Student: 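Below is one structure. I have some questions about it.
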Protein chains: 2
Amino acid sequence: MTIYIANSTAPVNIATLKYWGKRDVELNLPTNSSISVTLDQEDLKTFTSVATSKDIVDDSLWLNGEKQAIENNKRLRNCLIDLRLQRRALEDNDSTLPKLSTLGLNIVSENNFPTAAGLASSASGFAALVYTIAKLYQLKISSSDLSLIARKGSGSACRSLLGGFVAWDMGNLEDGSDSKAFEIASKEHWPEMKAAILVVSDLKKDIPSTSGMQLTVKTSTLFKERIDSIVPDRFKKMQTAICSKDFETFANLTMMDSNSFHAVCLDSFPPIFYLTDTSKMIIKLIHLINEFYNETIVAYTFDAGPNAVLYYLEKNEVKLMSFIYTFFSALPGWDEKFGKDQLLHFTSNYSENIKPRLSINIDSKLFENVRKVILTRVGPGPQDTNETLIDDKTGYPKSIK
Amino acid sequence: MTIYIANSTAPVNIATLKYWGKRDVELNLPTNSSISVTLDQEDLKTFTSVATSKDIVDDSLWLNGEKQAIENNKRLRNCLIDLRLQRRALEDNDSTLPKLSTLGLNIVSENNFPTAAGLASSASGFAALVYTIAKLYQLKISSSDLSLIARKGSGSACRSLLGGFVAWDMGNLEDGSDSKAFEIASKEHWPEMKAAILVVSDLKKDIPSTSGMQLTVKTSTLFKERIDSIVPDRFKKMQTAICSKDFETFANLTMMDSNSFHAVCLDSFPPIFYLTDTSKMIIKLIHLINEFYNETIVAYTFDAGPNAVLYYLEKNEVKLMSFIYTFFSALPGWDEKFGKDQLLHFTSNYSENIKPRLSINIDSKLFENVRKVILTRVGPGPQDTNETLIDDKTGYPKSIK
């Protein structure tokens with residue numbers, strides 16, 4: 001019995017121009033185009049292995065070691081239907097190909113970051129799933145067209161099919177066939193772009209983003225202005241800023257769009273709150289840092305949760321980390337990226353050169369709900385790998401919890 | 001030597017349709033019309049006494065017992081100039097009148113609520129000041145026209161010149177002569193309207209409202225939609241709701257407009273935050289209460305700070321207070337309004353009839369930053385009083401700290 005196995009990894013992406021609102025809930029068609037930065041898989045990724053064989057009759061999914069119930073997971077099933085249709089077309093054209101489209105799939109997926117971190121794993125998850133099955137099926141299809149399929153799994157997943165700086169064109173067609181991701185610029189275009197994620201613990205998660213965005217579409221009176229006018233204008237400007245590596249414009253648009261997104265959440269009824277008091281203190285700290293240097297060296301952005309993602313350029317790392325490390329030195333995550341000497345330099349730079357010139361006193365107690373720092377940078381799209389989560393003798397996960 | 005003295009009190013008002021944005025900073029002309037409820041002076045008021053005599057050469061102000069520096073208080077001086085001009089007109093027409101317009105003024109003012117409560121005392125303060133000096137000067141001028149003068153002191157003060165349900169028409173004229181308050185309905189029209197203020201302690205106050213609103217005008221991309229379209233529409237609807245005593249519409253518009261105001265604050269750059277995590281928990285509690293009763297029995301609104309003002313009708317007091325008293329029973333403020341039996345009834349009603357039917361558990365720890373409850377209701381405009389803060393033998397404050 002032949003067991004076919006494919007393995008790959010896919011990245012997390014964090015939007016700098018936010019996706020919020022669907023014009024078609026079934027197809028995950030958005031009310032506006034969005035832009036994101038793909039993050040390095042060394043730090044954040046989903047690793048997925050897929051197996052198929054004549055003995056695998058049903059589709060099964062293991063996520064972080066636990067088998068999932070997928071019978072009612074319509075989004076997942078829609079992705080599988082699309083992928084099988086593409087495979088079937090190949091098989092119909094070439095009768096020598098094994099009829100994989102008729103077999104079941106064992107999908108085994110693991111994230112290298114804790115789900116508890118509150119980082120959207122659905123984007124990297126669906127991207128890895130679609131990319132790996134496409135590889136298993138040997139589909140000849142561009143990343144951009146694969147993103148059409150991943151989009152049906154999770155809207156923002158379409159952006160994780162590409163690396164670097166990625167746009168998701170909302171498209172106009174009713175069937176969604178033009179609502180897909182494309183590359184604005186590769187990571188090689190602007191490799192200096194780094195990101196620091198401050199993971200913030202939440203009292204209680206507000207409404208999930210899927211239902212939250214539709215509440216906004218239905219009830220926010222400011223939302224129409226955002227999608228009709230504000231975002232289309234920002235989209236063009238941000239695209240230009242990325243192409244010309246204009247960090248200041250990129251950063252200001254990123255911060256403004258994060259605020260605009262949370263503003264229409266607050267304008268929903270009942271209002272939706274993802275930012276906590278800790279998130280707000282981080283926002284104030286970032287504005288203080290930019291004011292201190294009299295230059296925009298760092299941008300914040302917040303998804304549907306309290307975690308802050310900070311974007312900055314490598315050349316400003318000492319400037320930024322002298323603040324950030326000083327306030328968050330107790331958190332896990334620093335040693336993996338910086339040596340002891342570098343870390344010491346951050347704190348001494350802060351106490352010697354920054355603190356004496358600061359007009360206000362920053363109370364570090366305000367940041368006590370920050371749990372972890374993840375240091376990363378712009379990264380590539382999905383990657384092939386020879387590692388596997390599947391036992392090549394059985395077609396089933398090597399270790400099942 | 002004759003000493004002329006006048007005394008009166010003026011109310012606090014809390015907007016249900018928010019004033020946020022000036023089109024003329026000097027004249028306090030707003031970018032949108034607003035609506036408020038005037039609160040009962042039994043609970044919240046500014047008490048002001050004013051004296052003038054030939055021996056009083058300069059203008060002086062004592063606020064809560066402390067003499068204030070008013071040389072650079074342009075807003076106050078503008079009010080005094082207008083009032084003196086009106087007095088001068090009377091004196092020019094009737095030579096028997098004493099020439100009070102040429103004399104200095106001793107203004108003594110006290111609030112019956114702590115400034116620390118974070119309740120905007122500038123509205124009641126300027127209303128009391130303008131009303132009392134107008135009385136001292138025996139001006140024959142309507143409350144609505146007096147509101148023109150108070151507006152120059154503090155925008156929202158114009159609404160405190162009237163009782164009941166008050167609108168501030170933004171006006172169109174450049175000189176602001178049509179930007180004044182008028183009564184939508186007297187308190188007798190809808191006397192059942194009650195208010196409960198939950199005073200929330202803040203880590204640190206965000207930007208003061210005067211500069212905050214201009215930051216929004218300058219930087220928020222959603223603000224234009226709010227003032228061009230959202231607020232004008234709500235203004236008409238809220239006026240109608242008040243006239244027809246339609247609480248549900250009134251309440252929903254009040255909550256939505258509070259959210260809209262805080263949304264454009266968040267959309268400012270840098271963003272402005274007045275709501276804290278505690279404010280958000282109160283918002284969630286209010287939506288939970290309305291959902292529980294399957295009826296909108298209470299509305300929240302938040303000014304430029306974390307304090308919640310809840311509006312409700314007297315007939316729903318038991319329904320509302322069974323929740324509110326249960327969670328906030330430890331706060332000062334209850335005994336002044338409710339007997340022991342009533343309070344006991346609130347808690348037993350909650351534990352017997354409400355809690356067993358609640359689908360979620362409310363964690364009362366989330367409300368630990370609420371400091372005080374102020375129970376009040378709709379009230380009248382400025383009131384004359386025979387009490388005085390001024391020694392009628394000297395024309396100076398009876399007690400100076």
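As the structure is a computational prediction, the values presented were derived from the model and not from experiment. Residue numbers begin at 1 in each chain, while the letters A, B, ... track the order of the sequences.
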Student: Around atom NZ of B:Lys224, are there more than 12 heavy atoms of other residues, nucleotides or ligands at under 6.0 Å?
Tutor: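 It does not: B:Lys224 NZ has 12 such atoms or fewer within range.
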
Student: Might you confirm whether atom NZ of B:Lys245 has over 12 heavy atoms from other residues, nucleotides or ligands at distances under 6.0 Å?
Tutor: yes

Student: What's the separation between atom CE in A:Met256 and atom CG in B:Asp267, rounded to the nearest 0.5 Å?
Tutor: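 Rounded to the nearest 0.5 Å, the CE-CG separation comes to 9.5 Å.
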
Student: Run the side chain to side chain contact (heavy atoms under 4.5 Å, CB included) test on B:Glu225 and A:Thr221 for me, step by step, so that the C-alpha distance in whole Å, both residues' side-chain angles and the decisive distance to 0.1 Å come before the verdict.
Tutor: CA-CA 9 Å; B:Glu225 178 69 8; A:Thr221 58; over 6 Å; no

Student: For the residue pair B:Ala263 and A:Leu266, what are the closest heavy atoms and their distance?
Tutor: N-CD2, 3.7 Å

Student: Kindly determine whether B:Val264 and A:Leu222 satisfy side chain to side chain contact (heavy atoms under 4.5 Å, CB included), including the steps that lead there.
Tutor: CA-CA 9 Å; B:Val264 296; A:Leu222 298 172; 4.1 Å; yes

Student: What part of B:Tyr300 gets within 4.5 angstrom of chain A, counting heavy atoms only: side chain, backbone, both, or neither?
Tutor: side chain

Student: Shortest non-hydrogen contact from B:Pro271 to A:His287?
Tutor: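 That closest heavy-atom pairing would be CD-NE2, 3.4 Å.
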
Student: Quick one: do B:Phe273 and A:Leu275 satisfy side chain to side chain contact (heavy atoms under 4.5 Å, CB included)? Show the steps, please.
Tutor: CA-CA 10 Å; B:Phe273 299 100; A:Leu275 303 177; 4.1 Å; yes

Student: Less than 4.5 Å to any heavy atom of chain A: does that hold for the side chain of B:Ser268, its backbone, both, or neither?
Tutor: backbone

Student: Using non-hydrogen atoms and a 4.5 Å limit, figure out which bit of B:Lys284 sits close to chain A: side chain, backbone, both or neither.
Tutor: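 Interface part for B:Lys284: side chain.
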
Student: Mind ranking A:Thr219, A:Ile230, A:Asn259 by heavy-atom pairs under 4.5 Å with chain B and telling me who comes out on top?
Tutor: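 Ranked by contacts with chain B, first place is A:Asn259.
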
Student: So does B:Thr276 get a backbone contact from the side chain of A:Asp277, meaning a donor-acceptor N/O pair under 3.5 Å?
Tutor: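 Side chain of A:Asp277 to backbone of B:Thr276: no pair is present.
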
